[in-house]
Each structure stands twice: as structure tokens, then as C-alpha cells.
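Contents: one structure, followed by commentary.
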Protein chains: 2
Amino acid sequence: MEEHFKQIASLIGDPTRATILWTLLDGKAFTATELAIAADTSPQNISMHLNKLVQAQLLCVESQGRHKYYKFARKDIAYAIEALANLIPVEIDQKAKTNTIEVPVKYCRSCYDHLAGKIGVAVTDSLIDQKIIIDQGKNFELSANGQAWFTDLGINISGLKQLRRSFLRPCLDWSERRHHMAGALPAALLDKMLNEDWIRKMQNSRAIVITAKGQQMIDKHFKLPL
Amino acid sequence: MEEHFKQIASLIGDPTRATILWTLLDGKAFTATELAIAADTSPQNISMHLNKLVQAQLLCVESQGRHKYYKFARKDIAYAIEALANLIPVEIDQKAKTNTIEVPVKYCRSCYDHLAGKIGVAVTDSLIDQKIIIDQGKNFELSANGQAWFTDLGINISGLKQLRRSFLRPCLDWSERRHHMAGALPAALLDKMLNEDWIRKMQNSRAIVITAKGQQMIDKHFKLPL
DNA sequence: CCAACACTTCATTCTATACTTAACTGTAAA
DNA sequence: TTTACAGTTAAGTATAGAATGAAGTGTTGG
């Protein structure tokens with residue numbers, strides 16, 4: 001056990017790896033190159049360090065085309081890193097406390113046929129919190145509650161399931177670097193939101209605006225005060 | 001902030017210093033020579049490392065004649081070290097379970113100032129079963145019954161509550177992967193158990209042995225036949 | 001197709017810093 | 001006193017492992 005502790009400690013102890021972990025603390029996934037820039041080092045070097053962190057199961061990777069997105073393998077890893085950061089002697093600690101306020105949802109976009117961007121991630125998070133969908137890592141599952149919830153919204157679940165396309169799956173978001181929902185179900189949800197005039201698509205852009213009605217309904221259904 | 005984090009991380013990252021911190025986890029103060037033996041290195045070397053840890057305010061020193069006693073400067077430092085130990089990947093941990101050398105330490109041990117390991121989890125479970133403490137997930141609460149129970153044991157609840165430190169909180173155990181109690185209350189409980197000679201700390205280890213008297217009393221108070 | 005890109009692998013170089021050797025201060029017993 | 005002990009300081013050395021250079025693989029988009 002002591003040996004393993006020393007292993008973990010020395011893994012975290014290297015300045016470049018410490019910077020990687022620190023950067024990842026904001027919860028987003030980062031590409032290798034981005035982390036290289038953050039840590040001010042070469043791609044080869046960051047590759048070596050990321051490998052070590054993945055092998056120790058501190059980080060996990062997801063390939064997307066020629067990019068690799070890295071993030072913490074488990075939540076408790078981020079917590080332990082934070083605990084370490086809290087060991088910093090009291091004097092410096094003061095200023096950090098001010099910018100921890102939750103960032104408002106302001107950047108909204110759709111991705112092909114479903115919600116993406118900050119709102120896509122926020123909606124997904126909300127449905128997971130409400131146990132409407134279950135996050136199983138590699139895929140999302142619709143719970144029994146969830147079936148009722150979508151049916152209440154007027155979405156025909158069984159109809160969607162008969163389509164040839166994927167019903168529900170996680171999709172890594174370009175802007176947020178977090179998972180949001182993709183597939184027939186979230187497409188139907190976007191459709192619904194547009195039809196009910198909760199949101200409107202901007203011309204010639206993927207940007208989306210939330211209507212006054214939408215603000216109320218999104219708060220009601222997703223428990224997301226905007 | 002990031003700079004300071006890197007500093008702390010690299011401080012903990014050195015194997016010799018990691019061993020020092022690991023050794024100090026049992027809550028006792030150690031002399032420089034004892035730590036040198038534990039870390040299997042020279043007095044000069046340990047002196048250098050201890051200096052760095054003291055300067056970073058991770059440890060504090062107390063001189064006593066020609067000896068110097070080192071211990072954690074604050075409790076949260078021990079907790080952060082424990083949190084790091086919890087990051088060890090699960091499958092490696094499996095092998096460790098079969099490794100008989102560590103078993104006694106995992107079974108019965110104290111973590112800084114409170115009971116941990118199997119006995120820590122068992123005691124916690126028992127108190128929850130008996131509704132002496134209430135498990136609220138993120139925190140533990142002492143019930144009305146519980147106040148009486150601890151008072152009967154001769155523990156001064158209101159005195160403990162006035163201390164600046166946390167009174168009672170869950171702490172994840174690295175060996176059991178379950179919650180046990182940490183804070184002023186369980187620290188007082190460990191104190192009581194040592195004073196009454198229910199349990200004894202082993203020399204040079206965090207292992208704990210249960211005395212014959214302890215077996216009876218633990219069965220009586222915690223309904224735990226051992 | 002090709003060129004640019006994201007990332008990896010491996011052999012080599014480099015360097016930070018842990019450790020050593022040696023000489024010191026202060027404390028405690030004998 | 002004297003001897004042994006606990007710990008420190010300073011200067012020099014050694015080496016683990018981080019960084020680099022060169023040469024890959026696989027992906028994307030014009």
C-alpha cells in the first residue's frame with residue numbers, strides 16, 4: 001500500500017503532470033495539444049505524461065477523429081486534487097474564493113439536430129440528475145421515469161425507437177468538452193422546443209435564443225433557472 | 001495558485017517525503033531519526049526533507065531535549081494524504097487484499113486520530129444501525145439518543161462541539177472503500193477506547209490490537225461480537 | 001490524391017535535486 | 001570531564017526521469 005501511495009504521489013508530483021491535473025480541474029475534457037500549451041511543453045512530452053496518468057487510471061481518454069480528449073477518470077480524483085490545493089498556506093487562499101460563482105448559461109447552439117453547447121450540456125446534466133436518463137459512461141439509458149417524462153412532453157417514445165437511427169447516445173461537445181445527448185430522442189426534444197417556441201434558431205447560424213416562454217418552461221421541466 | 005499547487009504536489013511527490021507523510025498518518029509525532037529509519041535513508045537526508053516540509057507548513061516541529069518531534073501542522077493535511085491514497089486503482093487494490101503482510105493494518109488501524117479500517121467501518125455501521133448517528137449521505141448527524149449514548153461513555157459532547165474542528169463527518173476509507181466517522185467526536189471515542197484499554201496501538205505501525213476487555217466492551221456498546 | 005494536422009514512439013541528451021561524505025553544534029548521560 | 005547521541009550544514013556527486021530530436025501512424029479536408 002505504501003508503495004502505491006508513493007507511486008501516486010510521485011505521479012502527481014511532476015510539475016508538468018501537476019499542471020495537467022490542475023487544468024482538468026474545471027471539469028472539461030482537453031485535447032493533448034491544448035494540455036501541451038497549458039503546460040508549456042512539447043507534444044511528445046505531454047504524450048508521455050498523459051500516458052502515465054492514463055495508465056495509473058487517474059485520467060481517461062476518448063478518441064474523436066485525430067483528437068484525443070482527456071479528462072479525470074473518476075470524480076474522486078478531482079476531489080483529491082482539490083484537497084491538495086487546499087493545503088496551500090492560508091495567506092494566498094483569499095482571492096480564489098471569489099470566482100467560484102456558477103457561470104450562467106449564455107452560449108446556446110444546436111448541433112445538427114439536437115441541442116449542444118452550454119445548454120445542451122446543462123439539459124443533459126439536469127436529466128441525469130433527475131434520473132430521467134441514466135449515465136452509463138459509454139451510453140445513456142432512458143429510465144422508466146424517463147419514458148413517462150418524455151411522453152408527458154408529447155414525445156412518442158416507441159415511434160422513435162423504431163427508427164433506424166440511434167435512439168439516445170452521448171456525444172462529446174466541441175465547445176463545452178462535456179457529454180450531451182444525441183440521437184432520435186434529443187432530436188425530437190429539440191423539435192418540440194422549437195415547435196412550442198421555447199427556443200428559436202437564428203438565421204445562418206447555429207446559435208439559438210431562448211424565448212421568455214422558454215425560460216419559464218425550461219426552468220419548469222429541466223429545473224434550470226436561466 | 002497554480003504555482004503553489006505545483007509546489008505542494010512536488011513536495012509530496014518525492015518518495016522519501018511521501019514515506020514521511022505516510023508514516024505520520026498514524027497521528028503520533030515522530031523524531032527525525034525514527035522517520036529516517038522508516039524512510040530508509042540517512043539522518044542528513046531526512047533532515048533536509050523535514051526542513052522542506054516544515055517550511056511548506058505541512059509539518060510542525062517541537063524540540064524536546066536533543067530530539068525533535070515532527071507531526072502534521074494541521075489535520076486537513078492528513079485528510080488530503082488519505083484522499084490521495086484513495087486514488088489507487090481498484091484492481092491493484094485487489095492484489096493487496098491477498099497480500100497478508102498488510103492485512104492487520106487494513107483490518108484494524110487508526111487514521112490520524114480516529115478509528116479506520118474494518119473496525120472503523122464496522123463501528124460506524126453499528127452506530128448507524130443503532131440510530132446513534134444518522135447517515136445523511138454527505139454528512140453524519142448525531143441523534144438525540146446518540147447524545148445520551150456518548151455522554152454515558154463519558155464523552156463531553158458540548159465541549160467537543162465548541163472546538164473549531166469538524167465535529168462529525170464521513171471519511172472514505174482507503175482499505176475498505178466505505179465511509180467511517182472522522183472529526184472531533186470519533187477522535188474522542190478513539191481516545192476513550194485507548195484510555196480504557198479496549199484497544200492498543202502497535203509500535204511503529206498504525207495497526208491496532210483489541211484487548212480481552214475491549215472485546216467485551218465493544219460487543220456490549222457496539223453490538224459487535226469479534 | 002496530397003498536405004496539414006494530431007498524436008506517438010524511441011533513442012539520446014540534459015538537468016534538477018536527492019543523496020553522500022565530512023565536519024559541525026548542542027544535549028545527555030557515565 | 002568524556003563519550004555517545006540527535007540533529008544540522010555545506011560542498012560535491014550521481015542518477016532518475018523529464019525533455020528533445022527525428023521518424024513514424026492514423027485522420028481530415030481541400
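By convention in this document, chain letters (A, B, ...) are assigned in the order of the sequence lines, proteins followed by strands, and residues within each chain are numbered from 1.
Ring orientation note: the planes of A:H221 and A:W149 are nearly perpendicular, at an angle over 60° on the 30°/60° scale.
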Pairs: protein N or O with nucleotides 13-15 of chain C N or O, under 3.5 Å:
none

Measure all distances between protein nitrogen or oxygen atoms and nitrogen or oxygen atoms of nucleotides 6-10 of chain D, and list the pairs falling under 3.5 Å.
residue: D:dA6; atom: O3'; partner: B:R66; partner atom: O; Å: 3.2
residue: D:dG7; atom: OP1; partner: B:A32; partner atom: N; Å: 3.3
residue: D:dG7; atom: OP1; partner: B:K68; partner atom: N; Å: 3.0
residue: D:dG7; atom: OP2; partner: B:T33; partner atom: N; Å: 2.9
residue: D:dG7; atom: OP2; partner: B:T33; partner atom: OG1; Å: 2.0
residue: D:dT8; atom: OP1; partner: B:K68; partner atom: NZ; Å: 3.4
residue: D:dT8; atom: OP1; partner: B:Y70; partner atom: OH; Å: 3.4
residue: D:dT8; atom: OP2; partner: B:S47; partner atom: OG; Å: 2.5
residue: D:dT8; atom: O5'; partner: B:S47; partner atom: OG; Å: 3.3

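OP1 and OP2 of D:dG17 both lie 4.0 Å or more from every side-chain N or O belonging to A:K52. For A:T41, no side-chain nitrogen or oxygen approaches OP1 or OP2 of D:dA18 to under 4.0 Å. Residue B:S42 has no polar side-chain atom (N or O) positioned under 4.0 Å from OP1 or OP2 of C:dC19.
Here the C1' atom of nucleotide C:dT9 and the CD atom of A:Q55 are 14 Å apart, to the nearest Å. In this structure, CD1 of B:I12 is placed 16 Å from P of C:dT17, rounded to the nearest angstrom.
Side-chain N/O atoms of B:E34 and B:T31 include a donor and acceptor closer than 3.5 Å. Counting only N and O atoms by type, the side chains of A:N45 and A:S47 include no donor and acceptor under 3.5 Å apart.
In this structure, B:R169 is positioned above the aromatic face of B:Y79, its NZ or CZ under 6.0 Å from the six-membered ring centre and within 45° of the axis.
With sequence neighbours excluded, no residue satisfies side chain to side chain donor-acceptor pair (under 3.5 Å) with B:K52.
For A:A9 against B:A18, the heavy-atom pair with the smallest separation is CB-CB, 4.2 Å.
Paired with A:M181 under the rule side-chain contact (heavy atoms from CB on, under 4.5 Å), one option of A:L190, A:L127, A:I128 passes, and it is A:L127. Of the candidates B:L21, B:L35, B:T41, B:L50, B:T16 forms a side-chain contact (heavy atoms from CB on, under 4.5 Å) with just one, namely B:T41.
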